[in-house]
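Below is one structure, written out as structure tokens, with a few remarks after it.
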Amino acid sequence: MNERNWGKENNNKITIDDIAKELGVSKTTISRAISGKGRISATTRKRVLSFCEECGYKPNMIARGLAESKTYNIGVVLPNDSDLNEIPFFQVCLLGIIEMATSYEYDVVVSTVGADDITKLVRLVENQKVDGFILTRTRIHDAQVEYLSKHKVPFVVVGTSESSGVIQIDNHHVEACREMTSLLIMQKMKRLSFIGNNSTHIVSRMRYQGFIEGCELNQISPRSDCIYLDCNTRLMVEQAVDDILHKRIDCIVCMDDKICSQVLLKLATEHVKIPRDMKVASFYGSLFLASHNPPITTLEFDVKALGNAACKVLIDALSGVEVQQKTLLGYDINFKASTKK
DNA sequence: TCCTGGAGCTGGATTACCAA
DNA sequence: TTGGTAATCCAGCTCCAGGA
């Protein structure tokens, strides 16, 4: 057999059996050389690896999965709320997950769940399509967390979970929001208003908690009539802004980039100049806000790194490596023109 | 002849056990 | 110490024997 042509022409059909026959050894020897496990001489291993590279051998992942009882697939679960999927957070996080998964020869299967509808996730589990899951949004009483825990399916949460024993990768939301709120107050913004969205989301609660702690740390009691929670629609955000404009407020603090972009549109409609008439800050910055003029003061989280870390921790857990129960990544506070005097 | 059920084979890779 | 044999993973398929 002509090794060079054989390798190029049948690139996706070469098996360890073919290589074993070609080199006059058993397929066990080929397997050991490739995996690095088991006893094999350095000379034989070098000879095998050299031939594998020359003929462009790629392991058959289905066969490997069959032998190891693994799929080499990771399930990533996104919220099925279309608005949420338009938020750059999920797109960037997914990119980070895919980047890390690919480097470990895993593929990514993307699915969605609703607040009470986890049928697509259940289907992936029952059909044994994935080895583990990464959940990108958690709620206070989370059906997906309960289901995966009950069925002992490995999973990692991007965010925070109140359930015990859940592996979590998150940012220092409370600390970050507390610090940013403190800095705003120190810059003479004493009268703050807060607009937040769905309070059943744990991240929403954490950011709100950080805001409250930041106020209390600076001996300021946030007025309840200046706090707008569960503004889940554009109309609700606009009504909140309308209300705020009738009060003596120094700065609107937005829970995330989506709310902030709606606030900015409403302020523009009302001809409110930023920062002269109203200052604006957001607890999360993204492409939504990147091109706004004036630039918006935001909290910056490295979401791609978050995706990377979540995927790495899951793969480690699947490989039997001991992993930390909770990993917290850092943040940056970018003060821009929207909160300048 | 048709239907049913069991046995055995197939794919490619891993791995426990054994021999040289 | 090194490398080979054979079992194993699992779902789907084919083949064959036996019964209705």
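Throughout, a chain's letter reflects where its sequence line sits, starting with A, and its residues are numbered from 1.
A ring-centre distance under 6.0 Å is not found for A:His173 and A:Tyr331. Between A:Tyr208 and A:Phe194, the ring center distance clears the sub-6.0 Å criterion.
In this structure, A:Tyr57 does not reach the B:dG12 phosphate: none of its side-chain N or O atoms is under 4.0 Å from OP1 or OP2. Between A:Thr44 and C:dG3, a side-chain N or O to OP1/OP2 separation shorter than 4.0 Å is present. Side-chain N/O atoms of A:Arg32 include none lying less than 4.0 angstrom from OP1 or OP2 on B:dT15.
For a distance-only test at 3.5 Å, the side chain of A:Thr28 qualifies as a donor-acceptor partner of the base of B:dT15. For C:dT2, the base has no donor-acceptor partner in the side chain of A:Thr29 [N/O atoms by modelled type, under 3.5 angstrom].
Atom pair A:Lys27:NZ and C:dA7:C1' shows a separation of 11 Å (rounding to whole Å applied). Atom CD in A:Glu105 sits roughly 11 Å away from atom P in B:dT14 (whole-Å rounding). What separates CZ of A:Arg64 from C1' of C:dC10 is a distance of 18 Å, to the nearest Å. Between A:Ile19 atom CD1 and B:dG12 atom P the separation is 12 Å, expressed in whole Å. Between the NZ atom of A:Lys70 and the P atom of C:dC10 there is a distance of 15 Å, given to the nearest Å. Per the geometry, NZ belonging to A:Lys129 stands 17 Å off P belonging to C:dC10, to the nearest Å. In this structure, A:Ile16 places its CD1 atom 11 Å from P of B:dT15, rounding to the nearest Å.
Comment: A:Glu105 engages A:Arg64 in a salt bridge, judged by a side-chain N to carboxylate O separation of less than 4.0 angstrom. Ionic pairing of A:Asp242 and A:Lys266 is present here: one or more N-O contacts between side-chain nitrogen and carboxylate oxygen are shorter than 4.0 angstrom.
Nearest nucleotide to the A:Thr15 side chain, out of B:dA13, B:dC17, C:dT5: B:dA13. Of the candidates B:dT14, C:dG3, C:dG4, the closest approach to any side-chain atom of A:Val25 belongs to C:dG4.
Taking the ring centre of A:Tyr147 as origin, the terminal cationic atom of A:Lys150 falls outside the region bounded by 6.0 Å and 45° from the ring axis.
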